Protein chains: 2
Amino acid sequence: MAEATKSTGLRERKKLERRTRLADVAVELFERNGFEKTTIEQIAAAADLAPRTFFSYFATKDDLVLADYTDRLRRILEELDRRPAAEPAWEALRSSFATVADDYEAEESRIRRRFTIMATSPSVAARSLQLQAGWEQALADALTRRLEADPGDPMPRLLAATALAVMRASLQHWLLNIEDGPLPDLVQRSFDQLGVGLSRMR
Amino acid sequence: MAEATKSTGLRERKKLERRTRLADVAVELFERNGFEKTTIEQIAAAADLAPRTFFSYFATKDDLVLADYTDRLRRILEELDRRPAAEPAWEALRSSFATVADDYEAEESRIRRRFTIMATSPSVAARSLQLQAGWEQALADALTRRLEADPGDPMPRLLAATALAVMRASLQHWLLNIEDGPLPDLVQRSFDQLGVGLSRMR
DNA sequence: GTTGCAAAATGCAGTGACTGCAGCTAAACT
DNA sequence: AGTTTAGCTGCAGTCACTGCATTTTGCAAC
């Protein structure tokens with residue numbers, strides 16, 4: 001039972017607890033008063049911390065809303081690694097994103113709340129896209145390794161960009177038209193519709 | 001000769017001149033001193049305007065770098081409208097983006113300069129992506145009309161998102177690997193590689 | 001349990017983007 | 001010339017975010 005509980009010490013535990021507490025009270029305040037009208041000072045006060053301390057946990061106010069993005073990317077990459085090497089790249093991407101779609105579906109309320117905030121505060125939406133651009137890079141790298149392609153081959157990046165675009169479009173559609181069925185199905189269908197041409201390669 | 005010269009009056013002409021002057025001196029300052037280290041005060045001074053006046057021309061400092069984005073979107077939409085209605089959507093998109101690729105190619109130095117600024121100042125990159133998200137919406141709307149699809153049909157958005165992703169990936173590849181040939185060719189090829197599955201629909 | 005160390009929290013004093021408001025200048029119209 | 005009005009300007013203020021100096025606190029060695 002080496003690292004089952006990763007709370008190595010009190011210090012680490014407190015750190016994590018403070019981070020989640022900040023994110024929690026922040027989202028609550030955002031929903032009550034709006035993102036723009038909530039100041040960092042208020043958030044820090046609600047989390048019982050000094051304003052200055054906020055910035056050792058989050059680089060920007062935007063990041064507060066997108067706290068789990070890092071995990072999400074890791075999840076995609078893990079799933080991608082788990083797919084058999086013989087499987088065509090587009091297939092592997094489809095499966096990986098389907099898994100993530102399951103996660104989203106399971107956390108619908110959280111996702112929806114975030115969507116609401118993004119809809120009214122452009123800076124958060126912008127930051128979200130910027131983080132996704134980082135995902136694109138990471139995905140492209142992973143695909144380059146997977147396909148054993150040249151570092152200069154544009155195909156991995158093209159695949160990564162397209163997959164992310166499909167995911168984003170599906171997510172948005174799902175959030176706005178929930179009657180069209182569960183997200184994983186939507187993602188599957190979208191990937192398939194694009195995939196006819198792609199699944200052939202490798 | 002009603003609106004051949006759209007300089008209706010002195011007021012309009014001055015307005016336009018000031019706007020371009022601001023953008024010009026700003027880019028110059030950005031290149032010399034870096035984006036972050038250039039203040040709005042300096043820009044206004046260099047353009048011989050009051051700092052407060054800057055904000056009646058540009059909403060944010062970021063927008064200064066992306067001054068021409070609106071035109072670019074209009075261009076894409078115009079080209080799309082110009083394509084024959086019988087042409088499959090993916091084909092039409094490919095042609096439209098190829099035209100824009102020509103524009104980019106012709107303005108390589110400007111594009112490259114902007115790319116450099118974006119690479120070092122994340123907020124500009126984020127803003128750029130956010131504007132592109134607006135393009136996605138506009139493109140999706142145009143495609144919905146073109147395909148006479150239901151307002152709820154996810155396909156137009158999927159097409160729009162994918163096309164933009166392809167364009168972005170191609171552009172980035174072109175900027176980093178100029179030896180791989182002209183941008184329009186790259187765009188064409190990328191569209192084709194994805195298109196096998198798509199060109200069938202409509 | 002006391003002592004010494006390092007990480008983290010805090011306080012302070014800034015910088016700079018951006019906003020609202022109120023007054024002024026100059027273009028435009030009669 | 002006289003009036004209207006769009007747009008420039010100055011001023012005061014808010015707030016995200018930063019660097020630096022200081023204090024607190026978990027932790028480990030003794």
Side-chain angles (χ1 to χ4, degrees), chain A residues 5-23 25-27 29-30 33-67 117 120-128 130, chain B residues 5-23 25-27 29-30 33-67 117 120-128 130:
Chain A
T5 55
K6 65 176 166 187
S7 52
T8 320
L10 175 57
R11 207 171 239 167
E12 298 303 311
R13 217 178 320 136
K14 270 197 165 179
K15 215 161 95 176
L16 187 71
E17 195 272 334
R18 276 173 175 155
R19 189 183 159 88
T20 53
R21 184 155 40 121
L22 273 172
V25 301
V27 169
L29 285 173
F30 291 162
N33 308 331
F35 181 81
E36 325 279 357
K37 305 189 89 172
T38 306
T39 69
I40 301 235
E41 199 180 341
Q42 291 167 357
I43 298 171
D48 205 33
L49 291 174
R52 186 63 182 86
T53 309
F54 171 89
F55 293 101
S56 31
Y57 285 94
F58 295 93
T60 70
K61 194 174 147 189
D62 298 327
D63 284 339
L64 221 30
V65 186
L66 311 170
I117 295 177
T120 58
S121 33
S123 68
V124 183
R127 178 77 173 142
S128 163
Q130 194 194 348
Chain B
T5 56
K6 67 175 165 187
S7 53
T8 319
L10 175 56
R11 212 170 236 169
E12 298 301 314
R13 218 178 319 135
K14 271 197 167 180
K15 216 161 94 175
L16 187 70
E17 195 272 335
R18 277 175 174 154
R19 190 182 158 86
T20 53
R21 185 154 40 120
L22 273 173
V25 300
V27 169
L29 285 174
F30 291 161
N33 308 331
F35 181 81
E36 326 278 358
K37 305 189 90 171
T38 306
T39 70
I40 301 229
E41 200 180 340
Q42 291 168 356
I43 299 171
D48 206 32
L49 290 173
R52 186 64 183 85
T53 308
F54 171 87
F55 293 102
S56 33
Y57 285 96
F58 294 94
T60 70
K61 195 173 146 191
D62 298 327
D63 285 337
L64 220 31
V65 185
L66 311 170
I117 295 177
T120 58
S121 32
S123 69
V124 183
R127 178 79 174 140
S128 163
Q130 193 192 349

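Since this is a predicted model, take the numbers as computed values, not measurements.
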*Using chain A heavy atoms and a threshold of under 4.0 Å, write down where along DNA chain D the contacts begin and end, 5' to 3'.*
D/dC15 to D/dC27

*State, yes or no, whether a side-chain contact exists between A/V65 and A/V27 at a heavy-atom distance under 4.5 Å.*
no

*Do B/P122 and B/E36 touch side chain to side chain, with heavy atoms closer than 4.5 Å?*
yes

*At under 4.0 Å, does any side-chain N or O of A/K15 touch on OP1 or OP2 of C/dA8?*
yes

_side chain to side chain contact (heavy atoms under 4.5 Å, CB included) partners of A/K15, counting only residues at least two apart_ = A/E12, A/Y57

Rounded interatomic separation in angstrom, taking [atom1] from [X] and [atom2] from [N]:
X	N	atom1	atom2	answer
A/L10	C/dA7	CG	P	16 Å
B/E36	C/dA17	CD	C1'	12 Å
A/L22	C/dA8	CG	P	15 Å
B/R18	C/dA27	CZ	C1'	11 Å
B/F35	C/dA17	CZ	C1'	10 Å

*Position toward the 5' end of DNA chain C (nearest nucleotide), B/D62 or B/K14*: B/D62

*Using the test salt bridge (charged side-chain N to carboxylate O under 4.0 Å, His left out), find all partners of B/R21 that sit at least two apart in sequence or belong to another chain.*
B/E17

_Partner residues of A/S121 under the side chain to side chain donor-acceptor pair (under 3.5 Å) criterion, sequence neighbours left out_ = none

*Which residues, if any, of residues 45-59 of chain B bring a heavy atom under 4.0 Å of DNA chain C?*
B/R52, B/F55

*asked:* Need one value for A/S123: base, sugar-phosphate or nothing, where a base atom within 4.0 Å counts as base even if backbone is also close, heavy atoms only.
replied: nothing

*When rounded to the nearest 0.5 angstrom, what distance separates CD in A/Q130 from OG in A/S123?*
11.0 Å

_Pairing donors with acceptors under 3.5 angstrom, does anything connect the side chains of B/T38 and B/N33?_
no

Side-chain donor-acceptor contacts of residues 45-55 of chain A below 3.5 Å, not counting sequence neighbours, with atom names and distances?
{"from": "A/T53", "atom 1": "OG1", "to": "A/A50", "atom 2": "O", "distance (Å)": "3.4"}

*B/Q42 versus B/K37, closest heavy-atom pair with distance*: OE1-O, 3.7 Å

